[in-house]
Amino acid sequence: MQAERTQKPCRTHTASDDDYFIAACHLIERTSSLYPMPRALITGITGQDGQHLAEFLHEKGYEVFGLIKGQNNPKIEPLLAEFPYVRVVSGDLTDFSSLVAALRTVQPDEIYNLGAISFVAISFTQAELTSNVTGLGVLRMLEAIRLVGGEKSNPIRFYQASSSEMYGKVREIPQNELTAFHPRSPYGVAKVFGHHMTVNYRESYGLHASSGILFNHEGPRRGYEFVTRKISSSVARIKLGMQDKLLLGNMAAKRDWGYAGDYVKAMWLMLQQEVPDDYVIATGETHEITEFLQLAFECAGLGDWHKYVGVDKQYFRPAEVDLLVGDATKAEKTLGWKREVDFPSLVEMMVRHDLDLEAKRAK
Ligand code: GDR
C-alpha cells in the first residue's frame with residue numbers, strides 16, 4: 001500500500017520550478033490511480049506553522065491530515081471552520097501507540113512534525129513536559145514511522161521542526177548547519193535531542209528524515225504570547241484606545257525574523273529532495289526588539305514607542321539567547337528557497353492585521 005505512493009513524479013523540486021509543471025504533476029497525481037493524491041500528516045496543525053502548511057499543501061493537491069490530541073479539543077472547531085479540507089486524526093506525541101494508530105489510519109507519504117511545547121519561557125517552569133513532548137515526541141514519531149513504514153525502503157518522508165534556539169549562546173555569527181549547539185532553555189535542549197534523533201534515524205535506518213533549523217518566523221497567525229504578536233496586538237489596542245501600556249522583558253535581544261508563510265515552503269521543499277538533509281532557514285538579518293517596536297509604533301502613527309513601553313521583570317528568562325542570525329545559503333542553493341517578505345514588510349503586515357482585527361472586536 002505504502003510503497004505505491006512513493007512513485008511520485010514531482011520529487012526534487014526547487015522553488016524556481018515552473019508553476020505549470022507543478023500543476024501538471026498534481027493533476028496527474030489526482031487523476032491517475034497509479035499516482036493518488038499525496039497524503040500529509042501534520043502534528044501541531046493548530047499552531048501558526050501548521051495552519052500555513054495545511055493551506056500550502058492543500059493548494060498543492062495534498063490530502064491534509066492533522067494530528068490533534070485530547071478529547072473534544074476546543075481547537076478543532078476553529079481549525080475546521082478555517083480549513084474545512086483538513087481531516088483530523090486523534091493522537092498525542094506523548095503516546096506511542098496513538099502515533100502508530102494514526103500512521104496506520106492515514107498511511108501518510110509525508111509527516112511534518114511541528115507539534116511541540118513551543119513557548120521558550122514556559123519550558124523553564126515545565127521542563128519535564130517540554131522534554132517529553134518536544135524532545136521524546138520526536139523519537140516516538142520516528143519509531144512509529146519505522147514500525148508502520150517498515151525496515152526496508154521506508155516510504156514515509158519525515159520533516160522535523162528543529163529550531164534556532166538550539167544555538168542558544170551562539171558559537172559563531174552567523175549560524176549555519178555546522179555551527180555547534182549550546183541551548184539555553186529546556187525547550188532548546190529538547191529540540192537538540194529531537195534534531196540529533198532525526199539525524200540518527202536517517203543514518204541508522206535510511207529514513208528520509210530531514211530537519212529544518214528554522215529561525216524565528218512570525219505573521220498574523222502568531223500566538224499572542226510571542227514577542228512580535230504581543231507588540232503588534234498591543235500597538236493596535238493602544239491606537240484604538242483599548243490599552244495604555246505595553247510591558248516587556250529583555251528588549252536587547254536580537255532575532256532573525258522571517259515570515260512564517262515563506263518558511264513552510266522550505267519544509268515542503270526539503271521533503272521533495274531525493275536525499276534527506278538538514279537546512280537552516282533564515283533571512284540573514286538580525287534586529288533588536290527595539291527595532292520591531294520602532295517600526296510597529298510608527299506604522300500605527302503612534303510615534304515614539306518609549307512613551308508606551310515599560311519593563312516588567314516577570315518577562316525575563318533565567319537564561320537568555322542574546323543574538324541569532326542564520327546563514328541559509330545551503331537552502332538557497334540546494335532547495336532554491338528564498339524568503340520573500342522582508343523585516344519592515346513583516347512588521348507592517350502584523351500591525352495592519354491587528355489594527356483591523358482589534359477594530360472589529362471593538363465593535
Ligand atoms: P523565542 O520567541 O523565544 O525566540 O522563540 P519569543 O518571541 O518568545 O521571544 C523572543 C525574544 O523576545 C524577548 N522578550 C519577550 N518575549 C516574549 N515572549 N514576551 C515578552 O514580553 C518579551 N520581552 C522580551 C525574549 O526574552 C526573547 O529574547 C521562538 C519560538 O517560536 C520557538 O518555538 C522557536 O523555536 C524559536 O522562536 C525559533
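Quick caveat: nothing in here was measured; it's all calculated off a predicted structure. For ligands, and for the atoms within them, numbers begin at 1 and follow the listed sequence.
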Please identify each residue that fulfils side chain to side chain contact (heavy atoms under 4.5 Å, CB included) with Leu247, with sequence neighbours left out. Asp312, Tyr315

Who else is in Leu357's hydrophobic cluster (ILVMFWY, side-chain heavy atoms under 4.5 Å, direct or via others)? Tyr224

Given Glu320, which partner from the list Arg255, Lys254, Lys169 fulfils the salt bridge (charged side-chain N to carboxylate O under 4.0 Å, His left out) test? Arg255

Taking the six-membered ring of Phe316, is the NZ or CZ of Lys313 close enough (under 6.0 Å from the centre) and on axis enough (within 45°)? yes

May I ask you to list the residues sharing a hydrophobic cluster with Val170, side-chain cutoff 4.5 Å, ordered by chain and number? Met166, Tyr167, Ile173, Phe181, Val192, Ile213, Phe215, Val280, Val321, Leu323, Leu324, Val325

Could you give the N/O to N/O pairs under 3.5 Å linking ligand 1 and the protein, each with its distance?
| residue | atom | partner | partner atom | Å |
| --- | --- | --- | --- | --- |
| ligand 1 | 3 (O) | Arg317 | NH1 | 2.6 |
| ligand 1 | 4 (O) | Asn216 | ND2 | 2.8 |
| ligand 1 | 4 (O) | Arg255 | NE | 2.8 |
| ligand 1 | 7 (O) | Val227 | N | 2.9 |
| ligand 1 | 8 (O) | Arg317 | NH2 | 2.8 |
| ligand 1 | 9 (O) | Arg317 | NH2 | 3.4 |
| ligand 1 | 18 (N) | Glu225 | O | 2.8 |
| ligand 1 | 21 (O) | Lys230 | NZ | 2.7 |
| ligand 1 | 23 (N) | Gly249 | N | 2.8 |
| ligand 1 | 26 (O) | Glu320 | OE2 | 2.6 |
| ligand 1 | 28 (O) | Arg255 | NH2 | 3.0 |
| ligand 1 | 28 (O) | Glu320 | OE1 | 3.0 |
| ligand 1 | 28 (O) | Glu320 | OE2 | 2.9 |
| ligand 1 | 31 (O) | Arg222 | NH1 | 3.2 |
| ligand 1 | 31 (O) | Arg222 | NH2 | 2.8 |
| ligand 1 | 33 (O) | Ser118 | O | 2.6 |
| ligand 1 | 33 (O) | Tyr187 | OH | 2.9 |
| ligand 1 | 35 (O) | Ser163 | OG | 2.6 |
| ligand 1 | 35 (O) | Tyr187 | OH | 2.5 |
| ligand 1 | 37 (O) | Asn216 | ND2 | 3.1 |

Measure the acute angle between the ring planes of His287 and Phe343, then classify it against the limits of 30° and 60° as parallel, tilted or perpendicular. parallel

